[in-house]
Colleague: 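Quick one: the structure is below, and I'll ask about it shortly.
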2 protein chains.
Amino acid sequence: MPKLHALDRVDRKLLNLLQKDNQTPTRTLAEKVHISQPTCLRRIRELREAGVISADVALVDPFALGYGMLAFLEVSLNNQSDEHMQEFEARMGKEAEVMQCYFVSGDYDYFLVVHVIDMDAYYQFVRRVISGSGNVRHFQSRFPMKRAKFATRIAFDEKQAEVQVRVPK
Amino acid sequence: MPKLHALDRVDRKLLNLLQKDNQTPTRTLAEKVHISQPTCLRRIRELREAGVISADVALVDPFALGYGMLAFLEVSLNNQSDEHMQEFEARMGKEAEVMQCYFVSGDYDYFLVVHVIDMDAYYQFVRRVISGSGNVRHFQSRFPMKRAKFATRIAFDEKQAEVQVRVPK
DNA sequence: GCTGAAATCACACATTA
DNA sequence: TAATGTGTGATTTCAGC
């Protein structure tokens with residue numbers, strides 16, 4: 001059952017800052033939002049505990065590391081029973097190459113974003129994971145030539161007075 | 001011109017750890033990879049400076065914040081000149097709702113991942129940004145009903161001895 | 001919101017391979 | 001000689017008031 005957590009202007013400004021850089025000392029953040037350093041720290045801790053901030057991580061650019069190739073996979077299943085869909089999702093959850101997996105409306109079932117080193121690695125992946133799955137009726141690849149935008153942050157409006165937020169779990 | 005940066009076992013283990021949590025003290029990390037604390041810190045700093053770690057951020061779950069709706073947009077442009085494509089990409093770069101934007105091969109030009117509060121907000125977005133753009137010939141929406149996987153980390157093989165890596169810029 | 005103790009970060013230098 | 005480990009001061013976190 002989702003709890004409610006109110007985000008005021010200060011919280012939203014903090015979130016905007018932390019989503020760009022979570023390594024800056026709380027003292028510096030405190031100055032930017034015009035509160036004291038301990039208050040700043042306390043608010044950030046509450047945001048983490050409430051689950052508004054789900055994780056604090058280092059981002060590694062796949063393209064900088066030889067994972068130079070990106071592929072989209074549109075997949076249709078043979079058997080769409082809840083059991084088989086859960087099985088497919090669990091499988092994708094385990095495969096490191098699968099960066100994103102969505103169950104979608106329309107003419108196919110799943111949309112995958114796959115990161116691989118090169119075309120050969122992609123071919124190996126498709127043979128092993130997709131056509132080797134046993135429950136894939138049809139699939140089609142689509143190749144992004146350029147990733148023009150990849151945002152990990154949500155822009156919070158800093159003007160609004162207060163925002164009610166549904167926090168899961 | 002891409003520089004080369006060698007990643008040994010220790011670097012890769014550090015990257016695996018930091019991609020899960022970048023708030024743990026360097027001392028703890030150092031123990032886990034069996035090096036001293038200052039060495040650990042130095043290696044992390046080098047990974048940041050080399051651009052292997054592109055950013056350190058707090059992650060906010062969109063679904064936890066009322067951005068409960070996700071949409072895919074498949075967009076075809078009228079004018080595919082370099083100038084018009086750059087203009088489109090710049091526009092998408094500025095729009096907060098657009099989380100991802102790819103230039104793709106196939107029967108349409110751009111694939112967008114859009115985060116909005118609800119269907120009405122999505123309608124407003126489409127009217128303002130897409131059909132109001134002047135250079136969109138055709139577009140189609142597709143609605144993900146479930147985000148089964150969204151990975152921000154790359155799994156590094158910790159067994160291999162050393163890996164050469166192309167670092168951009 | 002303020003102050004102080006505990007912990008962490010980050011540097012200079014010695015050491016080793 | 002280049003990279004790691006040791007010791008030490010400056011910052012930062014975080015509890016009590």
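The structure displayed is predicted, hence computed values, not measured ones. Convention: sequence-line order gives letters A, B, ...; per-chain numbering from 1. What you see below is based on every heavy atom in this structure, not just the backbone, and it leaves out hydrogens, waters and symmetry mates.
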Colleague: Do A:Asn135 and A:Glu87 have a side chain donor and acceptor closer than 3.5 Å?
Modeller: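 Their side chains do not contain a donor-acceptor pair, so the 3.5 Å distance test is not met.
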Colleague: Both A:Thr28 and A:Pro38 contact DNA chain D. Taking the nearest nucleotide for each, which residue is further toward the 5' end?
Modeller: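 The answer here is A:Thr28.
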Colleague: Using heavy-atom distances to pick each residue's nearest nucleotide on DNA chain D, tell me which of A:Arg27 and B:Ile35 is more 5'.
Modeller: B:Ile35
Colleague: Kindly assign one of parallel, tilted or perpendicular to the pair B:Phe103 and B:Tyr110, based on the angle between their ring planes and the thresholds 30° and 60°.
Modeller: tilted
Colleague: In this structure, how many angstroms lie between the P atom of D:dT11 and the CD atom of B:Gln37, rounded?
Modeller: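 The distance from CD of B:Gln37 to P of D:dT11 comes to 17 Å, rounded to the nearest Å.
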Colleague: Can you check the B:Asp8 CG to D:dA2 C1' distance for me, whole Å?
Modeller: 14 Å
Colleague: Are OP1 or OP2 of D:dT4 and a side-chain N or O of B:Ser36 less than 4.0 angstrom apart?
Modeller: no
Colleague: For a quick check, tell me whether the side chain of A:Gln23 and the base of C:dC9 share a donor-acceptor pair closer than 3.5 Å.
Modeller: no
Colleague: Given atom CG of B:Leu7 and atom C1' of D:dA3, what is their separation to the nearest angstrom?
Modeller: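 Nearest whole value for this atom pair: 16 Å.
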Colleague: Have a look at B:Gln100 and tell me which of B:Val114, B:Val113, B:Leu112 forms a side chain to side chain contact (heavy atoms under 4.5 Å, CB included) with it.
Modeller: B:Val113
Colleague: Ignoring backbone atoms, test whether A:Arg45 places a side-chain nitrogen or oxygen under 4.0 Å from the OP1 or OP2 oxygen of D:dA15.
Modeller: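 Yes, within the criterion.
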Colleague: In whole angstrom, give the distance that lies between atom CG of A:Asn22 and atom C1' of D:dT12.
Modeller: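 After rounding, the reported distance stands at 15 Å.
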Colleague: Rounded to the Å, how far apart are A:Leu41 CG and C:dA7 P?
Modeller: 16 Å
Colleague: Which atoms form the tightest heavy-atom contact between B:Ile154 and A:Val60, and what is the distance?
Modeller: CD1-O, 3.9 Å
Colleague: What does B:Pro25 touch in the nucleic acid at a heavy-atom separation under 4.0 angstrom: a base, only the sugar-phosphate, or nothing?
Modeller: sugar-phosphate
Colleague: Report yes if a side-chain nitrogen or oxygen of B:Arg42 is closer than 4.0 Å to either non-bridging phosphate oxygen (OP1 or OP2) of C:dA12; otherwise report no.
Modeller: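 For B:Arg42, the contact criterion (side-chain N or O under 4.0 Å from OP1 or OP2 of C:dA12) is not met.
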Colleague: Taking B:Val116 as the starting point, is it possible to reach B:Val126 by hopping between hydrophobic residues whose side chains are less than 4.5 Å apart?
Modeller: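 B:Val126 and B:Val116: one cluster.
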Colleague: Send over the distance from A:Glu49 CD to D:dC14 P, rounded to a whole Å.
Modeller: 11 Å
Colleague: Check whether any side-chain N or O of B:Arg43 sits under 4.0 Å from OP1 or OP2 of D:dT4, and answer yes or no.
Modeller: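 True: B:Arg43 side-chain N/O within range (under 4.0 Å) of D:dT4 OP1/OP2.
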